[in-house]
Amino acid sequence: VQLQASGGGLVQAGGSLRLSCARSGSTFSSYAMGWFRQPPGKEREFVAAITWSGGSTSYADSVKGRFTISRDNVKNTMYLQMNSLKPEDTAVYSCAAGRYFSGTARNYDYWGQGTQVTVSS
């Protein structure tokens with residue numbers, strides 16, 4: 001499984017971005033998917049996860065109500081719609097795929113390369 005994250009960039013506080021994670025390789029719909037981020041100088045942290053069917057989602061408290069995770073198994077792509085962005089959302093965002101729906105990075109088997117999101121105040 002290969003994952004390619006895209007859509008990052010520079011945005012002002014209060015703005016929006018949509019990240020995409022395109023998959024190639026094994027059957028996309030077999031895997032739960034997640035987004036993680038690593039702010040500068042900090043540990044990687046969980047952002048959001050979605051089950052293989054898209055029927056269940058989970059979010060970190062810090063992004064609830066602002067971010068929405070979704071997936072299109074026909075297009076083999078997962079998305080993260082980020083609204084009302086804050087400077088503290090600045091990080092490298094990575095997508096991941098795994099067999100289990102989880103908020104823990106070690107439960108994910110495959111990782112994309114990451115895309116930079118910078119939110120200016």
Side-chain angles (χ1 to χ4, degrees):
V1 175
Q2 294 182 334
L3 304 174
Q4 178 75 38
S6 62
L10 174 64
V11 63
Q12 288 188 331
S16 298
L17 281 174
R18 188 176 81 156
L19 304 184
S20 298
C21 177
R23 185 231 35 109
S24 60
S26 298
T27 305
F28 182 73
S29 60
S30 299
Y31 294 92
M33 303 287 293
W35 286 100
F36 291 79
R37 67 186 183 187
Q38 186 164 17
K42 296 183 179 181
E43 298 283 321
R44 181 170 54 191
E45 61 187 32
F46 169 71
V47 176
I50 188 166
T51 55
W52 68 270
S53 68
S56 293
T57 57
S58 177
Y59 297 92
D61 288 342
S62 59
V63 306
K64 276 181 184 176
R66 300 188 298 121
F67 290 11
T68 302
I69 189 172
S70 62
R71 65 190 295 167
D72 185 333
N73 287 342
V74 174
K75 295 182 178 179
N76 293 332
T77 303
M78 174 180 66
Y79 304 98
L80 185 68
Q81 178 66 44
M82 305 186 295
N83 298 329
S84 302
L85 283 161
K86 304 175 181 180
E88 51 264 44
D89 294 319
T90 294
V92 175
Y93 285 71
S94 298
C95 57
R99 296 186 179 277
Y100 305 106
F101 176 57
S102 171
T104 304
R106 66 174 179 268
N107 288 332
Y108 288 85
D109 303 307
Y110 306 99
W111 291 83
Q113 87 291 354
T115 184
Q116 176 71 46
V117 171
T118 302
V119 184
S120 63
S121 57

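Residue numbers start at 1 and run along the sequence shown.
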- Item | Considering all heavy atoms, the nearest Q116-A91 contact | NE2-O, 3.4 Å
- Looking only at atom types and distance, does a side-chain atom of S56 sit under 3.5 Å from a main-chain N or O of T51, one as donor and one as acceptor? no
- Looking at side-chain heavy atoms only, is the closest gap between K86 and R66 below 4.5 Å? yes
- Task: Give the ring-plane orientation class for W111 versus F36, where under 30° counts as parallel, over 60° as perpendicular and anything between as tilted.
- Result: tilted
- Task: Compare all side-chain heavy atoms of Q4 with those of S24 and state whether any distance is below 4.5 angstrom.
- Result: no
- Counting N and O atoms only, with roles assigned by atom type, does the side chain of R23 sit under 3.5 Å from a partner on the main chain of N73, one being a donor and the other an acceptor? no
- OG of S62 to CZ of F67: how many Å apart, nearest 0.5 Å? 7.5 Å
- Item | Non-hydrogen atoms of L85 and V11 that approach each other most closely | CD1-CG1, 3.6 Å
- Message: Would the distance check show the side chain of S102 and the main-chain N or O of T104 forming a donor-acceptor pair, the cut-off being under 3.5 Å?
- Response: yes
- Minimal non-hydrogen separation, I69 against M33, with atom names: CD1-O, 4.3 Å
- Co-membership, hydrophobic cluster, residues Y59 and V117, 4.5 Å side-chain: yes
- Y79 and M82: same hydrophobic cluster, using ILVMFWY side-chain contacts below 4.5 Å? no
- Query: Do Q113 side-chain atoms and A5 backbone N/O form a donor-acceptor pair below 3.5 Å?
  - Reply: yes
- Only one of D89, L17, L10 passes side-chain contact (heavy atoms from CB on, under 4.5 Å) with V119, and that residue is D89
- Query: Atom OG1 in T77, atom CG in L3: separation rounded to 0.5 Å?
  - Reply: 10.5 Å
- Query: Is W35 reachable from F46 through a run of hydrophobic residues whose side-chain heavy atoms are each under 4.5 Å from the next?
  - Reply: no
- Message: As an exercise, state the distance from OH of Y100 to CH2 of W52, rounded to the nearest 0.5 Å.
- Response: 15.5 Å
- Item | Reported OG-to-CD distance for the pair S121 and E88, which is rounded to 0.5 angstrom | 10.0 Å
- Query: Can you tell if the side chain of M78 reaches within under 4.5 Å of the side chain of L19, non-hydrogen atoms only?
  - Reply: no
- Task: Give a yes or no on whether L80 and V92 share a hydrophobic cluster (residues Ile, Leu, Val, Met, Phe, Trp, Tyr; joining criterion: side-chain heavy atoms under 4.5 Å apart).
- Result: no
- Considering non-hydrogen atoms only, spot the tightest contact between Q81 and N83 and give its length. NE2-OD1, 2.9 Å
- Could you state the interatomic distance from CZ (R71) to OG (S20), rounded to the nearest 0.5 Å? 13.5 Å
- Task: Could you tell me the separation between the CZ atom of F101 and the OG atom of S53, rounded to the nearest 0.5 Å?
- Result: 9.5 Å
- Should the pair Y110 and Y31 be assigned to parallel (<30°), tilted (30 to 60°) or perpendicular (>60°) ring geometry? perpendicular
